[in-house]
Protein chains: 2
Amino acid sequence: MANSKKISIAVIRRLPRYYRYLADLLRMDITRISSKELSQRMGITASQIRQDLNCFGGFGQQGYGYNVEVLYKEIGKILGVVNNRFHFIIIGAGNMGQALANYENFEKRGFQLVGIFDINPQLIGKKIRNVEIMHMDQLDEFVKNNKVDIAVLTVPYKNIPEVAEKVASLGIKGLWNFSAMDLKLPYDDIIIENVHLSDSLMVLGYRLKESQKKKKKKEGTNDSGNTNNESNTNN
Amino acid sequence: MANSKKISIAVIRRLPRYYRYLADLLRMDITRISSKELSQRMGITASQIRQDLNCFGGFGQQGYGYNVEVLYKEIGKILGVVNNRFHFIIIGAGNMGQALANYENFEKRGFQLVGIFDINPQLIGKKIRNVEIMHMDQLDEFVKNNKVDIAVLTVPYKNIPEVAEKVASLGIKGLWNFSAMDLKLPYDDIIIENVHLSDSLMVLGYRLKESQKKKKKKEGTNDSGNTNNESNTNN
DNA sequence: TTTTATAATTTAATAGTTTTTACAATTTGA
DNA sequence: TCAAATTGTAAAAACTATTAAATTATAAAA
């Protein structure tokens with residue numbers, strides 16, 4: 001059943017969004033949904049939904065639609081968060097690190113925070129959502145004794161190369177990098193997602209400017225155009 | 001010079017990344033760069049760089065490359081951060097709100113924090129990077145007396161519809177939404193960027209799982225494959 | 001129970017978009 | 001002056017999204 005053709009990353013990047021919408025539907029006790037209705041809720045085309053979901057095998061039923069619970073679980077499996085919780089640590093307990101540590105959604109999506117590390121003595125010992133902040137000196141031992149799949153890097157710019165090297169040497173294979181520097185490492189089994197919040201803000205600025213430019217023009221010519229004013233980006 | 005053909009959003013979303021790399025080059029006193037060298041630094045193809053930049057007119061020079069400073073300024077203009085600083089406020093001074101308020105990169109990229117709002121009395125009056133946290137009751141007056149282009153929404157899930165409605169009614173045209181709910185508003189001149197950090201984490205999880213699956217398979221068959229292990233996403 | 005109209009998926013084909021290739025044209029620097 | 005370097009851009013290739021036809025399930029009516 002599962003189609004063996006390679007799934008494009010474009011499809012993959014949409015899956016978490018489906019997963020969120022399906023979680024919402026579950027919460028509302030909606031048990032079945034058609035691609036058409038989901039498309040209206042999500043603001044994408046029904047055909048895209050069907051095409052996307054069909055990459056992984058036919059979860060739907062003709063004449064019926066999709067069973068919300070089944071679909072939710074299947075997407076969870078594809079994303080690897082069913083039968084396989086990811087354990088992650090946060091390195092750098094500054095503002096962003098603490099904000100992420102407090103983010104309860106990660107747990108709902110299959111990611112469990114198991115440790116927080118910093119070098120600031122004032123922070124060591126403090127607990128966030130029942131996870132203690134430890135000193136970086138304890139990192140080696142912690143990683144040896146605990147399953148750690150992902151390290152979230154929220155350390156200052158100047159420290160990122162050193163910390164990344166350290167984490168890589170300990171065998172952690174997933175890096176979620178929030179530092180302002182794009183992170184590259186010469187190991188091809190380490191997966192890195194670089195997050196640049198300011199990039200998203202700049203895109204917002206651009207769209208805002210374009211929208212206002214268009215508006216001014218329209219006030220002159222008085223024509224109407226289709227505007228697509230909201231967008232979702234990953235991270 | 002400026003090409004009037006519509007620029008695709010795919011190109012726009014790459015511009016902030018170019019902008020960052022060019023800022024790095026400036027910092028290193030590198031005055032000229034070829035698409036080839038930039039492509040090696042950024043890990044994308046040189047042709048894509050040339051194609052992207054050419055959407056906005058020929059900034060480069062055959063046989064020479066691009067002047068870093070000129071290119072940096074031109075991209076800044078396109079993104080609207082030259083001659084037009086964006087002013088933003090943060091609504092919700094919890095962990096994420098404070099983390100963003102402390103993010104000094106926004107200012108470097110043309111975005112100036114002018115106010116922070118919350119309803120928690122314990123936070124009111126506190127200053128972050130010289131910007132005072134004000135009570136939500138003061139929002140109306142503040143927006144009337146100050147230029148506010150963008151509101152960053154870092155409020156809890158349950159408050160987001162109300163806050164978004166409020167902000168829209170005050171005439172703020174750009175919303176950068178960090179709440180777990182996709183925000184949609186029935187005004188087509190309001191631009192929204194929804195940020196879902198957990199989506200990015202889930203993609204990391206997927207890529208990690210696939211990488212390890214592939215690795216196991218490879219250990220059996222002993223073939224080699226091209227791996228592209230790092231990725232950048234907006235927001 | 002059977003029939004029929006409707007709803008909805010699956011999937012192949014088409015259309016559209018984005019990226020890469022390839023090369024003419026231009027500039028640099030010896 | 002000439003070889004090397006490099007852009008700009010048209011065309012090809014690759015990728016992504018939409019359309020539409022075939023198929024299957026549901027639900028209401030006979």
Side-chain angles (χ1 to χ4, degrees), chain A residues 1-15 17-18 22 25 30-71 74-75 203 226 228 231-234, chain B residues 1-15 17-18 22 25 30-68 70-71 74-75 78 203 226 228 231-234:
Chain A
M1 194 184 255
N3 200 332
S4 67
K5 218 172 79 186
K6 189 169 177 296
I7 309 300
S8 84
I9 191 71
V11 175
I12 298 302
R13 291 201 181 277
R14 281 192 290 271
L15 290 183
R17 188 147 182 265
Y18 291 126
L22 290 165
L25 293 172
I30 294 171
T31 56
R32 65 187 257 192
I33 186 110
S34 67
S35 59
K36 190 178 166 197
E37 203 199 327
L38 190 55
S39 81
Q40 286 161 351
R41 288 176 185 267
M42 295 184 65
I44 56 177
T45 65
S47 66
Q48 180 161 69
I49 293 173
R50 293 200 298 272
Q51 180 102 318
D52 281 351
L53 298 181
N54 214 248
C55 292
F56 304 97
F59 303 143
Q61 205 168 7
Q62 288 155 334
Y64 174 91
Y66 299 87
N67 178 298
V68 175
E69 201 178 334
V70 168
L71 189 52
E74 287 294 337
I75 293 180
V203 172
N226 184 15
N228 184 357
S231 113
N232 287 279
T233 40
N234 247 231
Chain B
M1 193 184 258
N3 201 331
S4 68
K5 218 172 79 187
K6 191 168 173 299
I7 309 300
S8 85
I9 191 72
V11 175
I12 299 303
R13 290 201 182 277
R14 280 192 292 269
L15 290 184
R17 189 148 181 265
Y18 291 127
L22 290 165
L25 293 172
I30 294 170
T31 57
R32 64 186 259 190
I33 187 111
S34 68
S35 60
K36 189 179 168 197
E37 202 199 327
L38 189 55
S39 80
Q40 285 160 353
R41 288 176 186 267
M42 295 184 64
I44 57 178
T45 64
S47 66
Q48 180 161 69
I49 293 173
R50 293 202 299 275
Q51 181 101 316
D52 281 353
L53 297 181
N54 213 249
C55 293
F56 305 99
F59 302 144
Q61 206 168 6
Q62 287 159 330
Y64 175 90
Y66 298 86
N67 177 299
V68 175
V70 168
L71 189 52
E74 287 295 335
I75 294 180
I78 295 160
V203 172
N226 185 14
N228 183 357
S231 111
N232 286 278
T233 40
N234 248 232

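Treat the numbers as computed from the prediction; the structure is a model and nothing was measured. Throughout, protein chains are lettered first and strands after them, A, B, ... in sequence-line order, and every chain is numbered starting at 1.
- When rounded to the nearest whole Å, the span between CD1 of A:I49 and P of C:dT10 equals 12 Å.
- Atom-to-atom, CZ of B:R13 to P of C:dT19 comes out at 13 Å; the value is rounded to the nearest Å.
- Cation-pi geometry between A:R32 and A:Y64 is met: the NZ or CZ atom falls under 6.0 Å from the ring centre, inside 45° of the normal.
- Comparing C:dT20, D:dT26, D:dT7 by their nearest atom to the side chain of B:S35 picks out D:dT7.
- When distances run from any side-chain atom of B:N54 to the nucleotides D:dG8, C:dT9, D:dT6, the shortest one goes to D:dG8.
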Next item on the list: Verify side chain to side chain contact (heavy atoms under 4.5 Å, CB included) between B:L15 and B:I78, making sure each step is shown before the conclusion.
Entry: CA-CA 9 Å; B:L15 290 184; B:I78 295 160; 3.6 Å; yes

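- If you check every strand for non-hydrogen atoms under 4.0 Å, B:S47 touches a base.
- Taking side-chain N and O atoms only, A:Y66 has a distance below 4.0 Å to OP1 or OP2 of C:dT10.
- Going from atom CD1 of B:I33 over to atom P of D:dT6 covers 10 Å, rounded to whole Å.
- Counting to the nearest Å, the C1' atom of D:dT6 and the CG atom of B:L38 are 14 Å from each other.
- Remark: P of C:dT10 and CZ of A:F59 are 9 Å apart, rounded to the nearest angstrom.
- At least one donor-acceptor pair closer than 3.5 Å links the side chain of A:R17 to the backbone N or O of A:M42.
- Closest non-hydrogen pair, B:V203 versus A:I12, comes out as CG2-O, 4.3 Å.
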Margin query: Test side chain to side chain contact (heavy atoms under 4.5 Å, CB included) on A:L25 and A:R41; report intermediate values, then the result.
Written below: CA-CA 10 Å; A:L25 293 172; A:R41 288 176 185 267; 3.7 Å; yes

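- The distance between atom CG of B:D52 and atom P of D:dT9, rounded to the nearest whole Å, is 14 Å.
- Among the atoms of the strands shown, base atoms are found under 4.0 Å from some heavy atom of A:Q51.
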Item checked: Pair B:Y66-B:E74, side chain to side chain contact (heavy atoms under 4.5 Å, CB included): steps then yes or no -> CA-CA 11 Å; B:Y66 298 86; B:E74 287 295 335; over 6 Å; no

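- Within a 6.0 Å radius of CD in A:E69, other residues, nucleotides and ligands contribute 12 heavy atoms or fewer.
- The side chain of B:R14 places an N or O atom within less than 4.0 Å of a non-bridging phosphate oxygen (OP1 or OP2) of C:dT19.
- A sub-4.0 Å separation between OP1 or OP2 of D:dA17 and a side-chain N or O of A:Q48 is present.
- Mapping A:L53 and B:I9 onto DNA chain C via the closest heavy atom, the residue that lands nearer the 5' end is A:L53.
- When distances are taken from the side chain of B:T45 to each of C:dT20, D:dT18, C:dT11, the shortest belongs to C:dT20.
- Where B:G65 and A:Q61 each meet DNA chain D at their nearest nucleotide, the meeting point lying more 5' is that of B:G65.
- Whole-Å rounding puts the B:I7 CD1 to C:dT18 C1' distance at 13 Å.
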What pairs of nitrogen or oxygen atoms, one from the protein and one from nucleotides 23-26 of chain C, lie under 3.5 Å apart?
from: C:dA25; atom 1: N3; to: B:Q62; atom 2: NE2; distance (Å): 3.4
from: C:dT26; atom 1: O4'; to: B:Q62; atom 2: OE1; distance (Å): 2.7

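- What separates CZ of A:F56 from P of C:dT10 is a distance of 13 Å, to the nearest Å.
- Closest approach of B:A46 and B:S35 over heavy atoms only: CB-O, 3.7 Å.
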